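What follows is a set of notes on a single structure, which appears directly below.
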Amino acid sequence: MRCWKCAATIEFNERVGFRDACAGCDRPAHCCRNCGFYDVTYNNECRETMAERVVEKERANFCEYFQPRIGAAAAAAGRPSSGDARARLDNMFRKKS
């Protein structure tokens with residue numbers, strides 16, 4: 001898993017504990033921003049419909065549905081940057097010679 005704040009790799013042997021923190025920036029590891037269900041486009045910014053609302057997404061919480069975000073840095077939240085999107089659109093609609 002990658003930290004949402006500093007993008008440092010966080011490795012755990014079993015599951016992420018409620019009090020675990022990132023070694024790089026000392027931010028809580030068990031927070032919404034590091035969760036695979038975190039998505040700003042969903043209600044309460046969470047794709048898990050049964051999860052209780054968490055107001056402060058960057059602080060440690062006791063959510064039982066927490067799953068470590070795999071892959072890209074949590075800061076990106078799985079969304080491409082606006083520059084990447086623009087480049088893909090330009091490639092899609094460019095005139096062929």
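Since the model is a prediction, treat every value here as computed from it, not as a measurement.
- To the nearest 0.5 Å, the span separating CD on Glu64 from CE on Met50 amounts to 13.0 Å.
- Taking 4.5 Å as the limit, some side-chain heavy atom of Trp4 sits within range of a side-chain heavy atom of Cys31.
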Might you work through the side-chain contact (heavy atoms from CB on, under 4.5 Å) test for Asp39 and Glu45, ending with a clear yes or no? CA-CA 5 Å; Asp39 191 335; Glu45 299 177 359; over 6 Å; no
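- Counting heavy atoms from C-beta on, the side chains of Cys3 and Cys25 come closer than 4.5 Å.
- None of Tyr65, Tyr38, Phe37 except one satisfies the side chain to side chain contact (heavy atoms under 4.5 Å, CB included) rule with Arg47; the exception is Phe37.
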What verdict does the side-chain contact (heavy atoms from CB on, under 4.5 Å) test give for Phe66 and Asn34, after you've listed the backbone C-alpha separation in whole Å, the side-chain angles of each residue and the deciding distance to 0.1 Å? CA-CA 9 Å; Phe66 179 85; Asn34 281 336; 4.3 Å; yes
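- We find the CZ-SG distance between Arg69 and Cys35 to be 7.5 Å, quoted to the nearest 0.5 Å.
- Pro28 is not listed as a side-chain neighbour of Asp20, based on a closest heavy-atom distance of 4.5 Å or more.
- Looking at Met1 and Thr9, their side chains never come closer than 4.5 Å, going by heavy atoms from C-beta outward.
- Through chains of ILVMFWY side-chain contacts below 4.5 Å, Phe62 is grouped with Phe18.
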Checking Cys6 against Cys22 for the side-chain contact (heavy atoms from CB on, under 4.5 Å) test, could you report, in this order, the C-alpha distance in whole Å, the side-chain angles of both residues, the deciding distance, and whether it holds? CA-CA 9 Å; Cys6 68; Cys22 172; 3.6 Å; yes
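- Applying the salt bridge (Lys or Arg N to Asp or Glu O under 4.0 Å) test to every pair with at least one member in residues 50-63, sequence neighbours left out, gives these pairs: Arg33-Glu58, Glu56-Arg59.
- No side-chain donor-acceptor contact under 3.5 Å links Asn44 to the backbone of Cys46.
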